[in-house]
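Written out below as structure tokens is the structure these notes cover.
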Amino acid sequence: MSSAGECDGTPESELIPDGNRMTRLRRNLSRWYAANGRELPWRATHDPYRIWISEIMLQQTTVAAVIPYFDRFLKQFPTVDVLAAADENDVLRMWEGLGYYSRARNIHTTARQLVAERDGTFPEDADELQRLPGIGRYTAGAIASFAFDRRAPIVEANTLRLYSRLLGYQGDPRSSAGQKLLWRFAEEVLPRKQPGRFNQALMELGSTVCTPTAPDCPKCPLRTVCRAFAENLQSEIPRPKPRPQITPVVEASIAIRRADTYLLRQRRPEERWAGLWDFPRFEVGPDLLSQADESPERMVPFLQQSLRQPLEKLTGVSAELTSVVTELRHSVTRYRIRLICLEAEYRDGRLANGEETQQWCRPEEFEGLAFSVTGRKLARLLSQRDIGSS
DNA sequence: CATACGTGGTG
DNA sequence: TCACCAAGTAT
């Protein structure tokens with residue numbers, strides 16, 4: 001019986017390269033990075049605040065997507081003190097469209113904590129950093145090494161792939177055993193001098209050369225020490241992550257108009273997009289799906305029937321659906337959502353909850369509120385249409 | 001150890 | 001169109 005890590009007969013304990021190969025690896029990578037490292041907005045500094053913000057934004061998010069957000073965010077909140085003094089809604093507003101909004105809340109919480117408890121300074125130690133909200137093992141290592149040049153290891157998407165290939169590790173690198181091996185390698189490969197720069201070099205190589213599909217091995221400075229390359233296993237390593245099944249869903253978003261305002265609600269803590277503003281939104285039962293497949297306009301009477309009660313229960317008001325504004329599609333986690341956006345005319349009733357979580361809002365006021373992406377798209381459509389009709 | 005959490009880009 | 005992937009963390 002052999003474990004997943006030794007399918008090819010090599011025990012995991014022997015996968016870590018010896019001293020000579022480590023030395024060659026470090027030298028080759030360092031030279032390569034000097035010539036090939038990209039200039040990124042958060043690389044030109046050792047400011048822990050900037051590095052922290054960039055690392056949080058980069059969690060599960062591409063560099064290209066982050067850059068404009070990073071620039072805007074730093075302009076609005078240039079220091080940890082400014083961030084700590086801001087309202088949460090304004091922080092979320094800057095985060096709008098980036099996803100994983102708990103990151104924005106954690107950033108805000110952490111900023112306040114640092115200002116309150118440490119005069120706005122950051123811990124320099126990875127273990128201390130990891131105690132802060134939203135900072136896990138990777139991010140702690142990244143901040144400690146990039147900002148303070150601590151010898152802290154990192155393992156994330158790029159390095160997980162790079163290390164797995166370098167070691168020729170055919171087991172599951174996300175498993176407990178795989179993680180243990182990779183973190184050990186990450187620690188042992190780290191040089192005494194400029195560990196932060198070296199960590200960045202590892203990630204850079206992983207993201208630009210040792211790519212998920214079609215890695216550019218001929219250009220890789222580490223091909224001579226790469227076990228996957230030696231055995232031509234680049235396309236087998238790392239083992240792909242299993243993906244959950246996608247479920248199609250139909251939802252309806254209702255923009256209830258009352259004079260020159262629309263009803264908005266703040267999503268509850270247990271809902272997706274918790275705390276963000278949205279138009280009242282409902283799942284459309286499978287019984288209406290057949291109607292949904294017809295022209296959307298034909299759905300209006302059916303939706304009027306089926307949504308009247310839920311709408312009253314959720315908001316406290318009743319309204320008459322008038323027309324379909326647009327249809328949006330988006331995927332979120334394991335759902336593919338077809339969102340039918342409708343307009344409705346307010347009839348009667350008063351808001352169920354206080355003005356805290358529901359409010360009548362003029363389109364000009366939409367800009368200041370944080371929405372999810374689909375909520376923002378509908379908000380913009382209504383604003384534009386409103387201007388056009390007035 | 002599995003799952004929730006978002007969105008946009010790519011082949 | 002669609003599956004896959006992205007500088008992960010919290011529970």
Side-chain angles (χ1 to χ4, degrees), chain A residues 37-38 40-43 50-70 92 95-107 109-110 129-147 152-163 172 174-179 182-183 186 196 199-208 210-214 238-248 267 269-276 278 328-338 370-377:
Chain A
R38 290 169 295 179
L40 298 173
W42 45 87
R43 279 211 177 136
R50 289 180 166 245
I51 289 165
W52 169 52
I53 299 298
S54 73
E55 287 305 330
I56 301 297
M57 286 186 172
L58 285 161
Q59 288 170 2
Q60 297 289 284
T61 311
T62 57
V63 167
V66 164
I67 287 174
Y69 280 87
F70 180 80
L92 285 168
W95 209 267
E96 195 184 275
L98 205 50
Y100 289 138
Y101 299 96
S102 64
R103 293 184 295 176
R105 297 172 195 294
N106 285 148
I107 270 186
T109 303
T110 297
L129 283 163
Q130 203 177 337
R131 293 189 204 115
L132 299 170
I135 298 184
R137 192 172 178 184
Y138 160 72
T139 304
I143 297 172
S145 65
F146 301 165
I154 56 163
V155 178
E156 39 66 73
N158 297 304
T159 43
L160 176 144
R161 189 172 55 247
L162 177 65
Y163 302 163
D172 180 359
R174 297 163 196 84
S175 70
S176 179
Q179 286 288 302
L182 297 187
W183 278 100
N199 274 340
Q200 305 219 37
L202 288 164
M203 280 194 294
E204 189 75 348
L205 185 65
S207 61
T208 63
C210 196
T211 49
T213 59
R239 259 162 57 169
K241 188 191 306 185
R243 302 283 170 180
Q245 195 182 333
I246 302 299
T247 308
R267 297 180 66 93
E270 71 274 16
E271 295 180 291
R272 191 189 308 280
W273 302 299
L276 299 190
D278 196 9
L328 301 173
R329 290 162 180 280
H330 74 291
S331 295
V332 52
T333 313
R334 55 191 170 85
Y335 300 103
R336 181 169 49 251
I337 302 176
R338 178 182 172 205
F371 289 83
S372 72
V373 164
T374 48
R376 174 59 68 192
K377 281 179 183 166

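Residue numbers begin at 1 in each chain, while the letters A, B, ... track the order of the sequences. Note: hydrogens, waters and symmetry copies are ignored here, and every other heavy atom, side chains too, is used.
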Figure out the [atom1]/[atom2] separation between [X] and [N], and round it to whole Å.
| X | N | atom1 | atom2 | value |
| --- | --- | --- | --- | --- |
| Arg376(A) | dG8(B) | CZ | P | 13 Å |
| Ile337(A) | dC5(B) | CD1 | P | 11 Å |
| Gln130(A) | dA7(C) | CD | P | 20 Å |
| Arg103(A) | dA7(C) | CZ | P | 12 Å |
| His330(A) | dC2(C) | NE2 | C1' | 17 Å |
| Ile107(A) | dA10(C) | CD1 | P | 12 Å |
| Arg105(A) | dA4(B) | CZ | P | 19 Å |
| Arg137(A) | dT9(C) | CZ | P | 10 Å |

Take Gln130(A) and Thr139(A) through the side-chain contact (heavy atoms from CB on, under 4.5 Å) test and state the conclusion after the steps. CA-CA 8 Å; Gln130(A) 203 177 337; Thr139(A) 304; over 6 Å; no

P atom, dT9(C) versus dG8(B): distance in rounded Å? 22 Å

dT3(B) to dA7(C) separation - P atoms, rounded to the nearest Å: 24 Å

Does [X] place a side-chain N or O at less than 4.0 Å from the phosphate oxygens OP1/OP2 of [N]?
| X | N | value |
| --- | --- | --- |
| Tyr100(A) | dA6(C) | no |
| Arg334(A) | dA4(B) | yes |
| Trp273(A) | dT7(B) | yes |
| Arg161(A) | dA6(C) | yes |
| Arg243(A) | dA3(C) | no |

Distance-minimising heavy-atom pair for [X] and [Y]:
| X | Y | answer |
| --- | --- | --- |
| Arg267(A) | Trp273(A) | CB-O, 3.4 Å |
| Gln59(A) | Tyr100(A) | O-CD1, 4.4 Å |
| Arg103(A) | Ile56(A) | NH1-O, 3.0 Å |
| Thr211(A) | Arg161(A) | C-NE, 3.5 Å |
| Pro269(A) | Ala274(A) | O-CB, 3.5 Å |
| Phe146(A) | Asn199(A) | CE2-CB, 3.7 Å |

Check step by step if side-chain contact (heavy atoms from CB on, under 4.5 Å) holds for Ile135(A) and Trp52(A). CA-CA 9 Å; Ile135(A) 298 184; Trp52(A) 169 52; 3.8 Å; yes

Using a cut-off of 4.0 Å on non-hydrogen atoms, how would the nucleic acid contact of [X] be classed: base, sugar-phosphate, or nothing?
| X | value |
| --- | --- |
| Ser175(A) | nothing |
| Trp42(A) | base |
| Ser176(A) | sugar-phosphate |
| Thr139(A) | sugar-phosphate |
| Leu202(A) | nothing |
| Ala157(A) | sugar-phosphate |
| Pro244(A) | nothing |
| Gly206(A) | nothing |
| Leu98(A) | base |

Which of residues 57-64 of chain A have a heavy atom under 4.0 Å from DNA chain B?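 Gln60(A), Thr61(A), in order of number.
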
If you assign Pro133(A) and Arg38(A) each to the DNA chain C nucleotide with the nearest heavy atom, which residue ends up on the more 5' nucleotide? Arg38(A)

Of Thr213(A) and Glu271(A), whose nearest nucleotide on DNA chain B comes first from the 5' end? Glu271(A)

Could you tell me the separation between the OG1 atom of Thr208(A) and the CG atom of Asn158(A), rounded to the nearest 0.5 Å? 8.5 Å

